[in-house]
Asker: 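Structure provided below as structure tokens; questions to follow.
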Amino acid sequence: RQATITYHSRSSGRIKGYLVHPYRLAHAQGGLYLLAYVPEYGEVRTFAIERIQDLTLLEQGFTPIQELPDRAFPHSLGVHSGTPERVEIEFQADAADYVRSRAWHSSQTLAGDEGGRLRLTLDVCLDRALQAWILSFGAAARVIAPESLRRDIASHIGVAHETVSR
């Protein structure tokens, strides 16, 4: 059934009402998310359950327009959607064992070198979750590709350095 929600968007800071076609609930990164088709935008959007301020279930049904993948957020290390890109990150030897010991994404491939460094390749979207994950390794991680992600990470490090220097 269709529903109306009142939602507080963290990214825009505004409260807005939406007519939605609820498709699925998904648990990710310790939170619960509603994936719903929004006719106003003609696409599936993600809503954090804790930011839904009001929900009214309507009598009118709907026919799903878009098929969702079996796994929610298949191209993200977080709760985002987007077109995947090939990402290559080189980890210094002191972080390599930790990175090697985990499955970060279903697309990952690993290649070590004789110096103990590790190259991780992922096919994921370039979102905040990816950036935060890379930044969490500090100087032990270096983005090889794509160039746009390398620049974004360098920019974040530069801003952090400037803030600390003040």
Side-chain angles (χ1 to χ4, degrees), residues 5 7-12 18 20-38 41-52 55 64-161 163-164:
I5 62 171
Y7 187 74
H8 180 246
S9 171
R10 195 173 121 227
S11 60
S12 72
Y18 294 89
V20 297
H21 300 174
Y23 278 19
R24 171 189 298 167
L25 289 174
H27 182 266
Q29 291 189 317
L32 196 57
Y33 296 87
L34 169 66
L35 282 74
Y37 179 80
V38 180
Y41 299 121
E43 64 184 16
V44 173
R45 295 274 175 108
T46 302
F47 301 93
I49 293 295
E50 70 272 11
R51 293 199 292 274
I52 296 176
L55 181 135
I65 292 174
Q66 184 175 340
E67 181 92 14
L68 294 182
D70 290 338
R71 198 175 118 234
F73 320 115
H75 303 300
S76 176
L77 296 185
V79 295
H80 302 281
S81 300
T83 303
E85 292 187 42
R86 174 66 43 103
V87 173
E88 293 183 43
I89 306 162
E90 182 182 82
F91 292 91
Q92 296 301 312
D94 58 341
D97 285 340
Y98 175 69
V99 173
R100 188 180 287 111
S101 72
R102 301 225 175 163
W104 301 101
H105 192 263
S106 60
S107 68
Q108 78 182 40
T109 59
L110 302 167
D113 70 12
E114 59 280 346
R117 290 182 302 268
L118 179 70
R119 185 171 290 211
L120 172 69
T121 302
L122 305 163
D123 293 316
V124 294
C125 58
L126 307 182
D127 58 16
R128 286 183 312 226
L130 175 64
Q131 290 179 359
W133 181 75
I134 293 167
L135 289 165
S136 74
F137 288 94
R142 183 172 66 93
V143 175
I144 306 299
E147 179 63 28
S148 61
L149 178 61
R150 194 162 69 79
R151 284 191 309 269
D152 287 346
I153 295 297
S155 174
H156 285 295
I157 291 169
V159 168
H161 178 71
T163 302
V164 170

Asker: Using every non-hydrogen atom in the two residues, find where H75 and H105 come nearest and quote the distance to one decimal.
Answerer: CA-NE2, 4.0 Å
Asker: With R45 as the cation and Y41 as the aromatic partner, state whether NZ or CZ is under 6.0 Å from the six-membered ring centre and within 45° of the axis.
Answerer: yes
Asker: Begin from the C-alpha positions of L118 and L110 and carry the test side chain to side chain contact (heavy atoms under 4.5 Å, CB included) through to its verdict.
Answerer: CA-CA 7 Å; L118 179 70; L110 302 167; 3.9 Å; yes
Asker: Do the non-hydrogen side-chain atoms of S76 and C125 ever get within less than 4.5 Å of each other?
Answerer: yes
Asker: Roughly how far apart are T46 OG1 and L35 CG, rounded to 0.5 Å?
Answerer: 4.5 Å
Asker: According to the interplanar angle, ranging from 0 to 90°, do the rings of H21 and Y37 count as parallel (below 30°), tilted (30 to 60°) or perpendicular (above 60°)?
Answerer: tilted
Asker: Any pair with a residue in residues 103-118 that passes salt bridge (charged side-chain N to carboxylate O under 4.0 Å, His left out), sequence neighbours left out, goes on the list, sorted by first then second residue, please.
Answerer: E90-R117, D113-R117
Asker: Under a 4.5 Å cut-off applied to non-hydrogen side-chain atoms, are D152 and Q131 in contact?
Answerer: yes
Asker: R150 and V143: which non-hydrogen atoms are nearest, and at how many Å?
Answerer: CD-O, 2.9 Å
Asker: Donor-acceptor pair, S101 side chain versus Y98 backbone, under 3.5 Å?
Answerer: yes
Asker: Any chance you could measure I153, atom CD1, to R142, atom CZ, to the nearest 0.5 Å?
Answerer: 13.5 Å
Asker: When rounded to the nearest 0.5 angstrom, what is the spacing between CZ in R119 and OG1 in T121?
Answerer: 7.0 Å
Asker: So which heavy atom on A48 is nearest to which on Y7, and how close?
Answerer: N-OH, 3.0 Å
Asker: As an exercise, state the distance from NE2 of H80 to CG of D127, rounded to the nearest 0.5 Å.
Answerer: 4.5 Å
Asker: Which pair of heavy atoms, one from L25 and one from L34, lies closest together, and at what distance?
Answerer: CD2-CA, 4.0 Å
Asker: Would you say CD of E67 has more than 12 non-hydrogen atoms from neighbouring residues, nucleotides or ligands within 6.0 angstrom?
Answerer: no
Asker: Taking atom CD of Q108 and atom CG of L77, what is their separation to the nearest 0.5 Å?
Answerer: 9.5 Å
Asker: How close do Y23 and I65 get, heavy atom to heavy atom, and via which atoms?
Answerer: OH-N, 2.7 Å
Asker: How would you list all residue pairs meeting ring pair (Phe, Tyr, Trp, His ring centres under 6.0 Å) that involve residues 119-143, not counting sequence neighbours?
Answerer: F91-W133, F91-F137, W104-W133, W133-F137
Asker: Applying salt bridge (charged side-chain N to carboxylate O under 4.0 Å, His left out) as the test, list every pair that has at least one member in residues 77-87; sequence neighbours left out.
Answerer: R86-D123
Asker: Can you measure from CZ (R51) to CZ (R10) and round to the nearest 0.5 angstrom?
Answerer: 6.0 Å
Asker: Evaluate the criterion side chain to side chain contact (heavy atoms under 4.5 Å, CB included) for residue pair I89 and L149; output intermediate values, then yes/no.
Answerer: CA-CA 10 Å; I89 306 162; L149 178 61; 5.7 Å; no
Asker: Taking all non-hydrogen atoms of both residues, which atom of F73 and which atom of G78 are closest, and how far apart?
Answerer: CB-O, 3.5 Å
